[in-house]
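Every chain is numbered from 1, with letters handed out A, B, ... down the list of sequences.
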There are 2 protein chains.
Amino acid sequence: MLDATSSYKPMGRRIPTPLNRRIPVDDDRTGHRIVPETIRRSDRAPENRYGNRPTMKDVAARAGVGLKTVSRVVNGEPGVTPETERRVQEAIDALGFRRNDSARVLRKGRTASIGLVLEDLADPFYGPLSRAVEEVARAHGALLINGSSAEDPDREQELALALCARRVDGLVIIPAGDDHRYLEPELKAGVATVFVDRPAGKIDADCVLADNHGGARDGVAHLIAHGHRRIGFIGDMPRIHTAAERLRGYRAAMEDAGIPVEDSWMSLGVTDPERVRRAAEEMLTGPSPVTAIFTGNNRVTVTVIRVLAEQTRPVALVGFDDIELADLLQPGVTVVAQDAASLGRTAAERLFRQLDGTLVTPERIELPTRLITRGSGELAPRG
Amino acid sequence: MLDATSSYKPMGRRIPTPLNRRIPVDDDRTGHRIVPETIRRSDRAPENRYGNRPTMKDVAARAGVGLKTVSRVVNGEPGVTPETERRVQEAIDALGFRRNDSARVLRKGRTASIGLVLEDLADPFYGPLSRAVEEVARAHGALLINGSSAEDPDREQELALALCARRVDGLVIIPAGDDHRYLEPELKAGVATVFVDRPAGKIDADCVLADNHGGARDGVAHLIAHGHRRIGFIGDMPRIHTAAERLRGYRAAMEDAGIPVEDSWMSLGVTDPERVRRAAEEMLTGPSPVTAIFTGNNRVTVTVIRVLAEQTRPVALVGFDDIELADLLQPGVTVVAQDAASLGRTAAERLFRQLDGTLVTPERIELPTRLITRGSGELAPRG
DNA sequence: TAGAGCCTGGACAACGTTGTCAGATCCAGG
DNA sequence: CCTGGATCTGACAACGTTGTCCAGGCTCTA
C-alpha cells in the first residue's frame with residue numbers, strides 16, 4: 001500500500017487532534033466527552049469537527065430551516081420558496097459553507113471521478129493523452145485522478161486499486177504489467193475500465209491501441225523502399241506490448257522484402273540514454289554496419305538523433321512517435337506518428353459509454369498511425 | 001459548476017437504480033420497501049447496494065466475527081488473534097472486498113489526496129511539474145487529482161472549489177486568475193495551499209516562483225552583450241504574472257544599457273502560432289527592424305524558431321523556458337531555463353510541511369533560472 | 001365553508017467506515 | 001476455585017449527505 005515516509009500521516013492515528021477536539025463554546029456543554037450520556041442530536045453547537053467546516057446542519061440552524069431544505073437549495077432541487085432560498089443562500093455565504101462531496105459520494109454511490117494510470121506524466125507522449133482524457137471527463141462532469149506507474153507493474157496495481165478504493169467510477173489504464181486479473185472483482189463490481197496504448201492482460205476488457213505493428217512495418221518498409229537493406233532496430237523490452245508489436249512490424253517488413261535480419265541489428269530493452277547511445281554506436285560500427293535505424297519510441301529517437309548528429313556519414317532514421325521540432329532539425333525527422341490525444345479521447349469516450357450503459361461488449365480498437373516524411377527517412381544508404 | 005453534456009449524470013437523479021434496489025435473496029424478506037417497519041440491523045442479507053460491493057459487514061458475517069474486527073484486520077491494527085485474522089482475510093479474498101475510502105474519509109476527516117490546478121497538462125512545461133508534485137504526494141501516501149484551467153480564471157476557480165468539495169487535504173495551484181479571495185473560507189478551514197509559477201492574488205499564501213524578472217533581464221542582457229540594440233520581445237498577456245515579470249526584466253535590461261525601447265519591438269498578449277508569426281515578421285521588417293528577439297515562453301519560442309528559419313539574414317534569439325532538442329537545432333537555441341520539476345517539488349514539499357504543521361507563515365520563494373547558451377543567442381547583429 | 005389537491009418544509013434513516021467503551025475470554029498466581 | 005489482569009472482541013454512535021415520507025398550510029372548486 002501507499003506508505004508515508006514522513007511525519008505526515010494522512011490517515012494516521014497520531015495526528016494532533018484539532019479535527020477531533022470538540023470546541024467548547026458559549027452556552028454549550030458538550031465539551032465533556034467522558035460521559036457518553038445520550039446526546040440529544042439537535043442541541044449541538046454549530047461548531048463541529050472536520051477542520052471546523054460548517055455543515056448543512058449549521059447552515060440550517062442559521063437560516064432557521066430544516067436540514068433537507070438546505071440540501072435542496074445547494075443542489076438546486078425544486079420545492080423551495082424564493083424567500084427561503086434567499087435566507088439559506090445568505091447563511092451559506094456567511095458561513096462559507098461548501099458541500100462535502102465525500103459524504104455525498106458515500107450516500108449516492110457515484111463519485112463523479114475517474115482514474116488514469118499512466119506511465120509517466122512527464123513524458124511528452126502522455127501529457128496530451130492525459131489532457132484529452134481530462135477534457136472528456138470534464139464534459140461529463142467528472143474529475144480526473146491520475147498517477148504514474150513508472151513502468152512498474154506492482155506500482156500500477158497499487159495505484160489502480162487505490163483508485164478503486166476511492167470508488168472512482170471508471171479507470172483508464174496504460175498498463176505496465178501483463179496480468180490484470182487483480183481487477184476482476186472491480187470489473188464485476190461495475191467499475192468501467194478501458195486500457196489504452198497497450199492491451200489488458202488475462203482479462204477481457206476494452207482496449208484502445210495504436211496500430212503499432214502496421215505503423216512500424218510501414219516505417220521500415222519506407223526505409224527499404226529508399227534502398228536500405230541493413231536496418232537497425234532499437235526498442236523497449238518486448239515484455240511491453242507496444243515494443244513487441246513494433247518489433248514484429250520491423251521483422252514483418254524485413255521479411256516481406258526478403259531481407260534476413262542479423263541479431264546485431266536489433267537492440268531490445270534499452271531505454272536509458274547511455275545504453276541507447278552505446279547500442280546505436282555498436283550497430284553503426286559493427287561487422288555488418290547498418291545504413292538506417294528504426295527507433296521504437298520517442299525517447300529512443302531523441303537519443304539516436306544525437307548520436308547520428310555526431311556521425312560523419314549520413315544514416316537514415318525513422319522513429320515511432322512524433323517529436324516536437326522534428327521538422328526543424330537537419331534533416332527533418334521522419335516519424336510514424338500516433339495521435340496521443342485521439343487515443344485518450346477515444347478511450348475516455350468509451351469509458352463513459354460504459355457508464356452510460358450504451359456499451360457492453362469489450363472491444364479492441366486500433367487507431368491508425370501516420371507516416372510523416374521529413375527527410376531523415378529518405379536519405380539514401382551510404383557506407 | 002461542472003456540468004454534464006451527455007446522458008451520463010454522475011450524480012444525477014435519473015440513473016436507473018440498480019444501486020438502490022434491494023435485491024431479494026434466499027431467506028430474506030426485506031425486499032419490500034413500502035412498509036418502513038423498524039428493520040433490525042443485523043438480519044439484512046449480505047447483498048447490498050454500491051454496485052453490489054461487499055462491505056465490512058458482509059465480510060464480518062462471512063467470517064463470523066464482529067464488524068470492528070474486520071476493520072482492525074483491514075487496517076493492520078493490533079489486537080487480533082492470528083486465527084481470527086486468517087478467517088477474516090479468507091472472507092476478504094473470497095468476497096473480493098475492498099475498503100471504501102469514501103466512507104473512511106468521511107469518518108476520519110482527511111482524504112490523503114491533494115489537488116493540482118494547472119494550465120494545460122499537455123504543455124511540456126507542466127508535465128514534469130505535475131509529475132514532481134505527484135512523486136512528493138506519493139511519498140506522503142497521498143493521491144493527486146489534477147485539472148487544467150486552460151488559462152481561464154473562472155475555470156480555475158471552478159476546479160479549485162470542486163477539489164475543495166472533495167475535501168482534498170491541500171491544493172497546489174498554478175493560477176490563471178489574479179483574485180483568489182474565493183479561497184479564503186478554504187484556507188480558514190485548513191486546506192493547505194501553495195501557489196506555483198505565479199503568485200496568489202489578493203490573499204496571503206505560499207508561493208513558489210521562478211525568478212522571471214531576473215531571468216529575462218539576464219537573457220536580454222546577454223543579447224545586448226553580444227552587440228544587439230534593437231531587440232524584440234514577444235510574450236503573453238501582461239495580466240499573467242510571469243509574462244509581466246519577464247516584460248519587466250526585458251525593460252530593465254534595456255534601461256540598464258541605456259537603450260530606449262520602441263513600441264514596435266514589443267508584442268504582448270499573443271500566443272497562438274498565427275499571431276506570433278505575424279508579430280515576429282512585423283518586427284523583423286518594420287521601420288526599425290530588430291536584430292534579435294527575446295521570447296516570453298516555450299510556445300512562442302517554438303513558433304519564432306520556425307519564422308527565423310525562413311529568414312535570410314541571421315536573427316539572434318533567446319527564449320524563456322527550455323525546449324527539447326534545442327541543442328540539436330542549427331543554431332542551437334539559447335534559453336533562460338527554469339526547472340519545472342524543481343518548482344513542483346518545492347511547492348509540494350511546502351504543502352506537506354503545512355499539513356505537518358512545521359510550516360506556518362506564508363512565504364514567497366523564488367527559484368533561480370539558468371542561462372543556457374547554445375548559439376542562437378550569441379549571433380552577432382546583422383541587418 | 002368544506003373537501004380535495006398541491007406545495008413547502010422537516011424528521012429520519014441510511015450510505016460504509018472508525019473511535020470508544022464495555023463485555024467476554026483466557027491464563028497465572030493465590 | 002477464585003481473583004486480577006491481560007488480551008481479544010463486538011455493539012454502538014458518529015462522520016455529512018441525500019431519499020423517503022408525512023405533516024401542515026395553502027389554493028381552488030363545489
### Query
Under 4.0 Å between a side-chain N/O of B/Ser71 and OP1 or OP2 of C/dT18, yes or no?
yes

### Task
Please state how far atom CE in B/Met56 lies from atom P in C/dG19, giving the value in whole angstrom units.
10 Å

### Message
Tell me the interatomic distance from B/Lys108, atom NZ, to D/dC15, atom C1', rounded to whole angstroms.
### Response
12 Å

#### Entry: Atom-to-atom span, CZ of A/Arg166 to C1' of C/dG16 - whole angstrom
15 Å

### Side-chain N,O (A/Thr69) to OP1/OP2 (C/dG10) below 4.0 Å
yes

### Query
Of the candidate nucleotides D/dG10, C/dG9, D/dG16, which contains the atom at the shortest distance from the side chain of B/Val65?
D/dG10

### Query
When you check the side-chain N and O atoms of A/Glu186 and A/Thr193, is any donor under 3.5 Å from an acceptor?
no

### Query
Does OP1 or OP2 of D/dC15 have a side-chain N or O of A/Lys57 closer than 4.0 Å?
no

### Query
Heavy atoms under 4.0 Å, any strand shown: does A/Val74 hit a base, just sugar-phosphate, or nothing?
nothing

### Separation of D/dT18 C1' from A/Arg110 CZ (nearest whole Å)
16 Å

#### Entry: Protein-nucleotide distance (B/Arg99, atom CZ; C/dT18, atom C1'), rounded to Å
10 Å

### Task
Would you kindly compare B/Pro82 and B/Ala103 by the position of their nearest DNA chain D nucleotide and give the one closer to the 5′ end?
B/Pro82

## Note on the structure
In whole angstroms, the gap separating P of C/dT17 from CG of A/Asn100 amounts to 17 Å

### B/Val70, B/Thr69, B/Val74, B/Asn75 screened by side-chain contact (heavy atoms from CB on, under 4.5 Å) with B/Arg72, the one that passes
B/Thr69

### Query
Whole-Å distance between D/dG19 P and A/Leu106 CG?
13 Å

### Query
Nearest of D/dG19, D/dT17, C/dG16 to any side-chain atom of A/Phe97?
D/dT17

### Task
Please confirm whether any donor atom in the side chain of A/Arg107 sits under 3.5 Å from an acceptor in the base of D/dT18, or the reverse.
yes

### Task
Confirm from the modelled atom types if A/Lys68 and D/dG19 form a donor-acceptor pair under 3.5 Å, side chain to base only.
yes

### Message
Out of the candidates B/Glu90, B/Glu85, B/Glu83, only one should pair with B/Arg87 under the salt bridge (charged side-chain N to carboxylate O under 4.0 Å, His left out) rule; please name it.
### Response
B/Glu83

### Task
Could you state the atom-to-atom distance from CD of B/Glu77 to C1' of C/dT20 in whole Å?
12 Å

### Task
Quick one: pull up OH in B/Tyr182 and CD in B/Glu158 and give me the separation to the nearest 0.5 Å.
10.5 Å

#### Entry: Gap separating the CG atom of B/Leu118 from the CG atom of B/Leu159, nearest 0.5 angstrom
9.0 Å

### Query
Has the side chain of B/Arg72 got a donor or acceptor that lies under 3.5 Å from a partner of the other kind on the base of D/dG10?
yes

### Task
Give a yes/no on whether any side-chain N or O of A/Thr81 is located under 4.0 angstrom from OP1 or OP2 of C/dT8.
no

#### Entry: Presence of B/Asn75 side-chain N/O under 4.0 Å of C/dT18 phosphate oxygens OP1/OP2
yes

### Message
Can you see if the side chain of B/Ser102 gets near the phosphate of C/dC15 - specifically, an N or O under 4.0 Å from OP1 or OP2?
### Response
no

### Message
Tell me whether the rings of A/Phe195 and A/His180 are parallel (<30°), tilted (30 to 60°) or perpendicular (>60°).
### Response
perpendicular

### Query
With a non-hydrogen cut-off below 4.0 angstrom, is B/Gly79 in contact with a base, only sugar-phosphate, or nothing?
base

